[in-house]
K.L.:
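After the structure tokens below, expect a handful of questions from me.
Each chain gets a letter, A, B and so on, in the order its sequence line appears, and its residues count up from 1.
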Amino acid sequence: MHRRLFLHHLGAGLAMTSLPNGHVLASEDRPLRIGMSPVFLHDSHGLMGEWKAYLSKRLKRQVIFVLRDSYGETMDLIKQHRLDAAWLCDYPYILMKAYVIPLATPLYGGRPYYRSYLIVSSQRKGVHSIADLEGKVFAYADPYSNTSYLAPRHALKQLGNNPDTFFRKTFFTWSHRKAIEAVAKHLADGAAVDSYVWESLARVEPEFTARTRIVSRSEEFGFPPFVVDRELPGGTARDLRHVLMGMERDDEGRAILDKLNLTSFSQARPEFYESVEDMVRQAGG
Amino acid sequence: MKAWRIWCARRAGDGMSIFDLSLRFKIPLLGSIIIIATALGLSLSYMVQARTDLKRDMLENSEGLGRVLAHTLQSPLLHDDVWRGFEIVNTLHGDEASRGSFQVEGLIVLNEMHEVFVSSHPDAYPLLIPLGRLGNAFRTLSTHLDSIPLGQTLTLETDDKILQVVPLVADDVVLGHLILVHPAEFFWPRFKTLAGNTAIITGLALAFLLPVNWYWGQRMARPLVLLSRRMDDLGRTLPEPLPHTIYPYGDELGCLFDAYDRMLEEREVKTAMEREIVKEGRLAALGRLSAGIAHEINNPLGGLMTAVDTLKQYGEHDTVSRRVLPLLERGLVQIKDIVAALLVEAKGASRKLTWQDVEDAHTLLAEEARKRRVAWQWDNRLQGELDLPATPVRQVLINMLLNAVQAAGPEGRVEAHIQATDAELSIEVGNGGDTIPPEQMDSLFEPFASRKETGHGLGLWISYQIVTQLSGHIGVESRDGWTRFSVALPMENETCTTAASA
């Protein structure tokens with residue numbers, strides 16, 4: 001397999017040097033680079049490998065998943081046009097609108113929405129809203145995460161609090177899963193996490209999420225979309241959208257969607273993300 | 001109860017004490033006590049040493065771990081990255097750290113204000129709590145934190161915890177501290193394993209050594225015990241010699257047994273000599289007594305016999321006299337014979353002994369032997385003349401042969417060996433008659449001690465007197481159906497020489 005890939009690269013390289021308009025050929029032949037948010041996928045290398053192989057097969061083109069520890073790093077890669085496509089959280093998507101165009105939105109539970117969950121340790125009693133966590137230690141997943149950072153801070157502002165001084169101490173775990181872990185292990189008194197990650201984990205590791213308790217659920221936000229670099233050739237973007245949206249129509253694709261805890265992919269619509277855009281505006285982003 | 005004790009009479013009345021135990025038990029018991037004490041002492045000192053070493057090793061290991069962690073924790077502390085700090089203290093915590101050679105119960109990272117920056121156990125050590133509020137041990141520790149010299153660590157032992165502190169230093173600036181929390185007896189699980197192994201090994205060694213010691217002790221004690229018993233008997237009877245297999249080694253104990261055997265031998269010889277001396281003294285006294293009486297009787301006897309003779313020749317012989325006088329005469333003759341027999345006189349003028357004299361004795365008794373159908377074995381090896389008086393020696397020989405023929409019984413067997421060297425004549429006469437009982441042996445040579453129904457019982461007495469007067473020796477052995485009388489007579493010139501030299 002590796003040997004064949006290597007020969008493939010070699011052929012591409014020869015083509016680039018021998019043809020005057022080699023750029024087009026080269027862009028068609030080089031692997032498609034897709035940035036992946038550090039969602040619960042980070043800990044599911046097997047699933048990611050399956051999905052990558054599926055996409056490669058359908059696109060008839062090698063696909064590379066690019067993983068970074070934080071959303072910020074993925075955003076930097078987009079700015080540098082070093083990614084062809086990315087699965088982004090909705091907050092970075094709003095911030096990166098100048099660089100990317102939305103391609104497809106995954107449907108979670110048949111709908112293109114998710115929420116922010118405020119969680120505390122299951123052993124902690126007497127916390128009924130974020131207001132009860134004043135002066136406590138709070139864990140955020142990522143400063144560019146909507147559900148974990150933007151949404152709870154927005155909620156605090158709505159309640160008339162200064163999110164920078166409301167908690168005694170805050171820290172970033174750089175993934176939703178780890179934010180859940182910080183609460184489960186009592187390092188943090190509370191955290192806000194992605195409902196999709198929490199529910200998906202509850203499906204595969206119920207004893208882990210059972211160590212946390214959901215205090216409150218936020219309003220619905222548009223589900224993190226698949227976006228493409230504005231400079232990506234239209235045909236490639238269409239092909240990718242076609243493959244993603246077609247996943248539900250074959251067994252292999254359905255099996256992967258099931259493991260991802262997703263229903264299918266739909267056409268991304270700007271109105272899904274209007275509420276997030278409002279919050280970003282209010283936050284002064 | 002008695003078997004446990006030494007039986008010797010000296011101790012019989014005293015109260016029972018452990019020191020009165022028989023050596024059979026005392027030696028193995030003392031050995032066992034020494035072995036157990038040694039084994040326990042060694043194990044104990046080993047374990048004390050091992051405990052110290054183990055504690056030191058584990059603290060050193062732990063400090064090494066602490067220094068590595070401290071290095072890794074600098075960056076999270078500098079960047080206020082709580083989660084990374086948490087991941088670091090948790091990677092190196094967990095089963096591995098608590099079970100292995102570290103036994104770390106918890107890890108705490110302090111910021112420069114001595115507050116908890118992060119810890120492996122947020123429940124016990126929550127974030128941002130000042131160190132002093134974590135408990136007594138930590139309160140004590142907080143007063144020492146600022147006095148740790150650069151590049152060094154601090155170990156604080158309290159009642160329930162051992163705390164190791166590694167400062168987090170970057171460019172000679174203390175950013176915070178890493179505290180490794182150990183339970184006070186954190187080396188206990190490993191020490192227990194070690195102690196368990198030591199106990200098993202000690203047990204195995206004891207299981208081997210104790211039976212070996214018991215066997216060896218018994219083996220050493222058994223001959224001693226036997227020796228002790230024999231020695232105790234020595235006062236009352238003459239004990240048997242010790243079996244040669246009892247202790248065939250040449251050490252001091254072996255020498256002791258040899259000495260005992262020698263002593264026993266000497267004692268036997270001495271006892272025999274004493275008995276002989278007593279016997280000889282008695283016989284000598286008897287000889288003197290009988291000789292004195294014989295002399296005293298001889299004088300009136302001579303007168304009486306002369307008177308009877310005169311009466312026979314010149315007296316008037318009525319009926320009574322004719323009847324009484326021969327009676328008197330026979331009685332007096334018999335008295336004279338007996339007195340003569342008692343007055344043994346070996347010395348005196350006599351010709352020298354020859355081969356023929358000995359053969360004459362054989363001839364004299366041949367008829368008696370034939371009558372009794374006794375089988376003879378005659379062995380006379382004498383040659384020429386011997387420096388011994390013929391008459392008394394012939395009398396001794398005849399007495400011995402007569403006794404033998406009579407004792408052998410009908411169809412019995414008699415052997416006689418007569419031979420001489422330059423120094424001595426040896427006569428041995430044996431018969432296959434009844435064995436002489438031991439109680440008769442001592443008084444065999446005394447007058448009238450004969451067990452025979454016939455004879456006057458003076459034969460052996462006379463022989464004894466003659467042999468003694470000739471400076472010889474007469475002895476008897478009787479066992480297993482064979483009785484042998486032996487006589488040794490020194491040649492007269494030899495006696496003279498001996499006497500002269502004496």
Side-chain angles (χ1 to χ4, degrees), chain A residues 38-40 42-43 68-73 119-125 127 133-145 148-149 164-194 197 208 211-213, chain B residues 69-70 72-98 104-135 138 168 175-181:
Chain A
V39 287
F40 84 106
H42 257 188
D43 300 310
R68 286 296 179 268
D69 280 339
S70 66
Y71 293 0
E73 288 169 272
I119 57 168
V120 295
S121 162
S122 55
Q123 290 167 15
R124 183 180 285 276
K125 310 293 173 205
V127 177
L133 288 173
E134 184 164 12
K136 303 291 183 191
V137 177
F138 198 82
Y140 298 123
D142 193 293
Y144 290 108
S145 162
S148 180
Y149 186 76
D164 291 331
T165 56
F166 182 73
F167 300 113
R168 181 142 173 263
K169 170 97 186 167
T170 61
F171 61 87
F172 296 105
T173 63
W174 309 105
S175 100
H176 290 274
R177 191 204 152 94
K178 286 174 181 176
I180 298 169
E181 194 180 333
V183 171
K185 289 183 174 170
H186 301 174
L187 182 67
D189 297 300
V193 294
D194 185 329
V197 173
F208 175 62
R211 290 162 68 185
T212 61
R213 173 171 70 87
Chain B
L69 280 183
T72 328
L73 282 165
Q74 276 179 17
S75 157
L77 190 61
L78 270 173
H79 301 129
D80 193 26
D81 194 341
V82 174
W83 181 255
R84 244 184 80 205
F86 183 68
E87 282 187 325
I88 290 168
V89 294
N90 267 297
T91 334
L92 281 144
H93 189 260
D95 286 352
E96 195 60 37
S98 62
V104 180
E105 187 183 69
L107 291 163
I108 304 170
V109 182
L110 300 179
N111 60 23
E112 55 188 340
M113 273 103 74
H114 300 173
E115 294 168 341
V116 176
F117 167 70
V118 75
S119 74
S120 59
H121 292 73
D123 277 336
Y125 319 116
L127 262 55
L128 300 176
I129 295 282
L131 181 65
R133 280 170 54 193
L134 289 177
F138 297 98
L168 306 181
L175 308 172
H177 295 87
L178 169 67
I179 303 173
L180 297 102
V181 186

K.L.:
In Å and rounded to the nearest 0.5 Å, what is the CG to CH2 distance from A:L187 to B:W83?
P.N.:
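The CH2 atom of B:W83 is 6.5 Å from CG of A:L187, to the nearest 0.5 Å.
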
K.L.:
Among A:F172, A:W174, A:F171, which one satisfies side-chain contact (heavy atoms from CB on, under 4.5 Å) with B:D81?
P.N.:
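It is A:W174; the other options fail the test.
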
K.L.:
Which heavy-atom pair separates A:K169 from B:V82 by the least distance, and what is that distance?
P.N.:
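Where A:K169 meets B:V82 most closely, the heavy atoms are CE-CG2, 3.4 Å.
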
